[in-house]
Q: 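This is the structure I want to talk about, given as C-alpha cells.
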Amino acid sequence: MTTTEIPGSPDFEIDPRALTPLADQRLDIELQSEDMVLNIGPQHPATHGTLRVVVRLDGERVVSADPVIGYMHRGYEKLTEYRTYPQVTTLINRIDWLSSFANEVPFIHAAERIMGVEAPPRAEWIRTALTELSRIATFILFLGEMGLQVGAITPAFYGFRDREHVLNLIEAVTGGRFHPNFNRIGGIKDDLPAGWINETRRVMGLMLESCDQFEDLVAGNEIFQARTRGCGIIPADVGAAYGVSGSNLRASGVDWDLRRDGQPYLAYRELDWKVFTHPDGDTFARYWVRLQETREAIRMVLQILDGLPAGPVMAKVPRIIKVPAGEAWVNTENPLGEMGYYVISKGATGPFRVKIRTASFSNVSILPWLLKGVYVPDVVTILAGLYFILGDIDR
Amino acid sequence: MGLIESGLLQKKPLKPVSWLLNYSRKYSLWTFQWGLACCAIEMGAALAGPRYDVMRLGVIPFPASPRQADLVVVSGTVTDKMAPSVLRLYEQMPDPKYVISMGSCANCGGPYWDSYSVTKGIDQIIPVDVYVPGCPPRPEALMEAIVILQQRIQNEGVGNDELRQRWRGEHILVD
C-alpha cells in the first residue's frame, strides 16, 4: 500500500471514480424542482370540448394525470324519466353529437324489444345505411383533425370539407345535419327521397378518394409517423381491463366488433365486410384502424344501396306509444366504441329508468395510466388519438 | 381602442373619424371560439370549414387567448360547473367586447330546460349581443349573426360616453 492510498496521509489522493456517484447525487439534489401542475382544459382544442386534465409535470415529463370530468354533465339519465319515448330520442341524439344517428339505434331497439315490435326490413337497412354514414362523417373529421393535433393545419380543412358531403346526404333523408331524430319505434319516419341513391353512390366515390388522400397526406407523412408511432401504447389486456372499446381496442390487436360478435342488430349479418385490427396499440395504429373502418363503412353503404329491400318503412304501432312492463339491454358498436342502453319500463308512456353505457367514459378512464411518463407534447396527441366526445363522457 | 383610453377622443369625434374607426374594428373581429357542446362542431364548420369560410367577412377565428379577442362565440350547453369559467373568460377580454350566444342551450337551456345541472341561458352571467336560436343552428345562421353584429359595430359611437352606454342597446335575435 502506498501513502497515496491511506486516508489522512498528506499524499492521499481521492480516486475521482469514487466521487462520481456522490457528485451525481449532489447534482440531483441541486436540480430538484417542485413538480409543476399544468391544467389542460377545461377549454382546449385538443379535448374536443370541455375535458380538463390536471397534469403534474417533472420537467417535460408527466408524473401523474387526472381527468376532471363533469363540465358537460347534462343529466340525461334523470331527464329520460320525465320524457315520453319519442321525446327521449330527441335527447339522446345529443349524447355523442358527432354520430347522432348511431345513438338512437340501441335505444329504439331496446324499446322495440320490450314492445315485441319489429321494424320492417327496409327500415332496418336504411337505418344501417344512415348509421354507417354517420360513422363516415365522424371518422372523416377525426382523420383530418388528427393532423391538426400534431401541428398540420391543412388536413383539418380537408376533413371539414369532405364531411359536408356526407352531412348533405343525412340532411336530405332526415332533415337535420347531425341531429336527425329520425328513428321511430317500429321503423323510421320517411322513405328515402328521390335521387338519393345515385347521389350517395357519387359521394361514396368522393369519400374513397378522400380516404386515399388522408392515407397519403397524413398517415404516409414521415413527421406524422414520428409523432404517433410508439406514442401512447395500450396493451390489449390493460385496455380490456379498463373497458376500452371500439377502434381503440381493435388498434391493440383485439379482434372484437359488436356488429359481428354481439347480439345481431340491423343488417350487418347480411353484408360482406371485414374487421380490421392492428398489433401495435399506439396512436398511429388507432389512426390506421379508423382509416380502414371508414373504407369498410363506405363499402357497406354501397352494398346497402345495391341490395335495399322494398316494402314499408314503418310497422303497425299505436299512435300513443305505451311500452309494457319489462327490461331490455341493447349494446351496439358506435363509432366511438360500445354504447348500450338498459331500459326499464313500467308500462307508462315514458321509461321508468334508463342506464346509458357510453364508450368515451370508459376510454377516458385509462388516461391516468396512459399519460404517466409521457412528454407534454405527446399528451395532446394521445388525447386526440383516443377520440372521445365530451357529451359521451359526461352525459 | 387606445385612442379612447388616452383621452384623445374626449370630444365627440368627427363623423369620418368614427366611421373609419368602426370600419376597421368591424373587419378585424378576433373571435374566440368557446366551443362547449354540439354547436361547437357547427361553429367549427362555420369558422374553420372551407365551405363557409368566415375569414372573408374579416373574422379571424384563431386568437390564442381571450386576452386577444374582440368577440366570443359561446356555443353549446353551459353547465353550472362551467359557468364560473365562462364569466372568467369574459372578464379577461379587453373592451370593447361582444358576445354571440349560439344555440338554444346557451340562449335558454334548450332541451335541458328542466335539468338539474344546466345553466338556463348565459345571459344570467354575461351580457349577450346576438342570440342565434337553433339546436344546433346552421353555420349560415352563425354567419348571419356575425354580419348583423358588424352592422351594429359600424353604427356605434366611439366617444367615451357612447362607449359607456353601449350595453343599453337592444339585443339582436337572428331569425
Side-chain angles (χ1 to χ4, degrees), chain A residues 39 41-45 47-50 52 68-79 81-83 87-88 90-98 100 137-138 141 144-145 148 153-154 156-165 167-168 171 176-179 181 389-392 394-395, chain B residues 32-55 61-66 72 74-86 88-89 92 103-105 109-120 134-141:
Chain A
N39 245 317
Q43 217 279 342
H44 188 273
T47 61
H48 295 276
T50 51
R52 174 174 163 216
V68 181
I69 62 169
Y71 283 100
M72 200 32 65
H73 177 66
R74 308 191 270 198
Y76 281 107
E77 292 186 7
K78 190 70 189 164
L79 287 181
E81 296 172 15
Y82 298 101
R83 303 281 199 271
Q87 287 171 341
V88 169
T90 319
L91 271 186
I92 60 180
N93 261 321
R94 289 154 175 80
I95 291 181
D96 166 12
W97 47 69
L98 279 183
S100 310
T138 310
L141 193 63
E145 213 163 271
L148 182 69
I153 202 167
T154 314
F157 293 133
Y158 288 155
F160 269 111
R161 181 194 66 188
D162 297 337
R163 184 171 168 272
E164 289 288 334
H165 296 296
L167 289 187
N168 277 357
E171 190 184 0
R177 271 164 64 87
F178 55 88
H179 289 328
N181 193 23
I389 299 293
L390 262 291
D392 208 35
D394 294 339
R395 303 196 282 278
Chain B
F32 191 74
Q33 306 185 31
W34 186 250
L36 295 165
C38 333
C39 295
I41 310 293
E42 288 295 59
M43 181 177 67
L47 299 187
R51 174 177 287 188
Y52 300 101
D53 185 22
V54 85
M55 279 199 200
F62 302 113
S65 110
V72 60
V74 182
S75 58
T77 319
V78 182
T79 55
D80 289 348
K81 190 171 179 175
M82 199 69 198
S85 307
V86 174
R88 193 161 158 190
L89 158 112
Q92 284 179 1
S104 296
C105 294
Y112 314 100
W113 58 274
D114 53 350
S115 170
Y116 54 85
S117 56
V118 173
T119 308
K120 317 296 186 295
C135 189
R138 296 181 65 89
E140 291 94 330

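Treat the numbers as computed from the prediction; the structure is a model and nothing was measured. In what follows, chains carry the letters A, B, and so on, assigned in the order in which the sequence lines appear, proteins first and then strands, with residues in each chain numbered from 1.
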Q: If we only count heavy atoms from C-beta on, is the A/M72 to B/V78 side-chain gap below 4.5 Å?
A: no
Q: If you measure from CG on A/L167 to CD on B/E42, what distance do you get to the nearest 0.5 Å?
A: 7.0 Å
Q: Is the closest side-chain heavy-atom distance between B/S117 and A/K78 below 4.5 Å?
A: no
Q: Got A/E164 and B/Y52 here, is their nearest side-chain heavy-atom distance under 4.5 Å?
A: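 Result yes, sub-4.5 Å side-chain heavy-atom pair found.
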Q: Sort A/F178 into side chain, backbone, both or neither according to what part of it lies under 4.5 angstrom from a heavy atom of chain B.
A: side chain
Q: Identify which of B/G76, B/A40, B/P136 forms the greatest number of heavy-atom pairs closer than 4.5 Å to chain A.
A: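 Looking at each option in turn, the highest pair count goes to B/P136.
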Q: Working to the nearest 0.5 angstrom, can you tell me the gap between B/I41 CD1 and A/I389 CD1?
A: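 Here the interatomic distance stands at 6.0 Å.
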Q: Flag the one option from A/R163, A/H179, A/Q87 with the top tally of heavy-atom pairs under 4.5 Å to chain B.
A: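 Most heavy-atom pairs under 4.5 Å with chain B: A/H179.
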Q: Do A/L91 and B/Y112 make a side-chain contact, defined as non-hydrogen atoms from C-beta onward lying under 4.5 Å apart?
A: yes
Q: Between A/D394 and B/K81 (salt bridge meaning N to carboxylate O under 4.0 Å), is one present in this structure?
A: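 B/K81 and A/D394: not salt-bridged.
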Q: With A/Y82, which residues qualify under ring-ring contact (aromatic ring centres under 6.0 Å, His included), at least two apart?
A: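 Expected list: none.
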Q: Do any N or O atoms from the side chain of B/R138 and from the backbone of A/R177 form a donor-acceptor pair under 3.5 angstrom?
A: no
Q: With a cut-off of 6.0 Å (strictly less than), are more than 12 heavy atoms of other residues, nucleotides or ligands near OH of A/Y76?
A: yes
Q: Taking the ring centre of each residue, are A/H73 and B/Y116 less than 6.0 Å apart?
A: yes
Q: Nearest heavy-atom pair of B/P50 and A/F160: which atoms, and what distance?
A: CD-CB, 4.0 Å
Q: Can you tell me which portion of B/P66 sits under 4.5 Å from chain A's heavy atoms? Options are side chain, backbone, both or neither.
A: neither
Q: What do the steps show when you test A/R83 against B/D114 for salt bridge (Lys or Arg N to Asp or Glu O under 4.0 Å), and what is the final call?
A: CA-CA 11 Å; A/R83 303 281 199 271; B/D114 53 350; 2.9 Å; yes
Q: Quick one: do the A/R74 and B/T77 side chains pair a donor with an acceptor below 3.5 Å?
A: yes
